[in-house]
Amino acid sequence: MKITYFGHSACSIDTGTHTLVIDPFLSGNPHCPVKPEAVTCDYIILTHGHGDHLGDAIPMAQANQSPIITTYELASYCESKGAQAHGMGIGGAGAFPFGKIKFTLAHHSSSITDESGNVHYVGNPAGVILDLDGKTIYHAGDTALFLDMKLIGEMHAIDLAFLPIGDWFTMGIEDAAKAVEFLRPKHVVPVHYNTFPPIEVDASRFKSLVDDMGVACSLMEPGAVLDF
Ligand code: NI
Ligand code: MN
């Protein structure tokens with residue numbers, strides 16, 4: 001399995017048979033070295049509707065004929081913009097050709113701001129648990145720390161967790177380290193930091209907290225690939 005980090009919360013997972021892209025905020029991120037047109041995928045997974053997650057999802061879905069899998073209201077929005085989409089609910093799991101996806105809680109919001117600055121809410125934000133070829137990957141989306149992460153960790157033996165650490169909009173370093181304690185993943189990749197000034201943090205401080213727990217932590221530069 002090959003995991004490519006595009007910066008912010010965006011990554012792709014190549015299982016060998018399918019490529020999934022999560023939260024493809026590529027053209028809007030000056031740190032992302034890849035153009036959306038250069039990324040091919042079979043499915044696009046969205047955790048919520050904010051622009052730094054929805055990103056290039058709709059044009060990528062159209063160009064690749066790849067369905068978007070997300071929460072119900074955001075899926076309806078994507079369909080209204082001409083993408084194919086599967087709308088699911090938090091707590092629900094579904095089987096797809098690549099494996100299984102389950103939507104989890106995330107404490108955040110989910111909205112789309114239009115050109116006139118009006119905010120449209122598109123349901124609840126989410127995280128996702130992916131079961132792919134015997135590997136379990138958790139992408140937390142944007143979220144605060146919450147105690148139910150203990151339950152997620154108890155119900156799923158997480159091999160790899162993507163956790164936001166940038167503070168301001170999501171968990172910061174200390175809260176994300178507590179999340180690692182709750183989730184007990186084997187490996188952690190911090191995301192959602194250093195993209196914009198309010199979310200600039202010293203990720204090496206997070207890594208040392210996670211290292212101290214005996215959990216592997218990879219700090220990935222945008223464009224970096226993890227063989228997993
Ligand atoms: Ni957000
Ligand atoms: Mn965000």
Review point. Can Ile173 and Tyr193 be said to form a side-chain contact (heavy atoms from CB on, under 4.5 Å), step by step?
Key: CA-CA 10 Å; Ile173 287 173; Tyr193 66 97; over 6 Å; no

Return yes if some donor-acceptor pair links the side-chain N/O of [X] with the main-chain N/O of [Y] below 3.5 Å, else return no.
X	Y	result
Asp131	Lys100	no
Asn194	Val201	yes
Thr143	His107	yes
Asp14	Lys2	no
Gln62	Gly82	yes
Thr15	Thr17	yes

[atom1]-[atom2] distance between [X] and [Y], expressed to the nearest 0.5 angstrom:
X	Y	atom1	atom2	result
Thr40	Asp42	OG1	CG	7.5 Å
Cys41	Ile13	SG	CD1	12.0 Å
Ile112	Cys78	CD1	SG	6.5 Å
Leu145	Asp175	CG	CG	5.0 Å
Leu105	Leu151	CG	CG	9.0 Å
Met220	Phe6	CE	CZ	10.0 Å

Minimum heavy-atom separation for [X] to [Y], with atom names?
X	Y	value
Ala126	Phe103	CB-CD2, 3.7 Å
Leu46	Ala57	CD2-CB, 3.8 Å
Ala83	Ala61	CB-CB, 3.9 Å
Ser27	Asp56	OG-OD1, 2.5 Å
Asn124	Ser110	C-CB, 3.9 Å
Gly94	Met88	N-CE, 3.5 Å

With the 4.5 Å side-chain cut-off for hydrophobic clustering, are [X] and [Y] part of the same group?
X	Y	result
Leu219	Val180	yes
Ile101	Ile44	no
Ile58	Val122	yes
Ile69	Leu20	yes
Ile129	Ile68	no

Study note, to complete from the structure: Partner of Tyr138 under side chain to side chain contact (heavy atoms under 4.5 Å, CB included), picked from Leu130, Val128, Ile152, is Ile152

**Study point:** Member of Leu183, Val189, Val191 meeting the side chain to side chain contact (heavy atoms under 4.5 Å, CB included) criterion with Leu163
**Key:** Leu183

Point to revise | Flag if over 12 foreign heavy atoms under 6.0 Å of CE, Met155 | key: no

Check your understanding: Would the number of heavy atoms belonging to other residues, nucleotides or ligands and lying under 6.0 Å from OH of Tyr72 be above 12?
Key -> no

Point to revise | side-chain hydrogen bond (donor to acceptor under 3.5 Å, both in side chains) involving Glu174 - partner list, sequence neighbours excluded | key: Arg205

Point to revise | For Thr19, side-chain hydrogen bond (donor to acceptor under 3.5 Å, both in side chains) partners two or more places apart | key: none

Any side-chain heavy-atom pair from [X] and [Y] closer than 4.5 angstrom?
X	Y	answer
Val39	Pro24	no
Cys217	Phe206	yes
His139	Ile45	no
Cys32	Pro222	no
Ser9	Phe25	no
Thr47	Pro125	no
Phe162	Ile137	yes
Lys135	Phe228	yes

Exercise for review: Report the C-alpha distance between Thr195 and Asp52 in whole Å, list the side-chain angles of each, state the deciding distance to 0.1 Å, and finish with yes or no for side-chain contact (heavy atoms from CB on, under 4.5 Å).
Suggested key: CA-CA 10 Å; Thr195 318; Asp52 58 322; over 6 Å; no

Parallel, tilted or perpendicular: which describes the rings of [X] and [Y], with under 30° parallel and over 60° perpendicular?
X	Y	answer
His192	His8	tilted
His50	His48	perpendicular
Phe96	Tyr43	perpendicular

Study note, to complete from the structure: Quick note, salt bridge (charged side-chain N to carboxylate O under 4.0 Å, His left out) partners involving residues 141-168, not counting sequence neighbours, are Asp159-Lys186

Exercise for review: Say whether Asp114 and His120, considering side chains only, have a donor N or O and an acceptor N or O under 3.5 Å apart.
Suggested key: yes

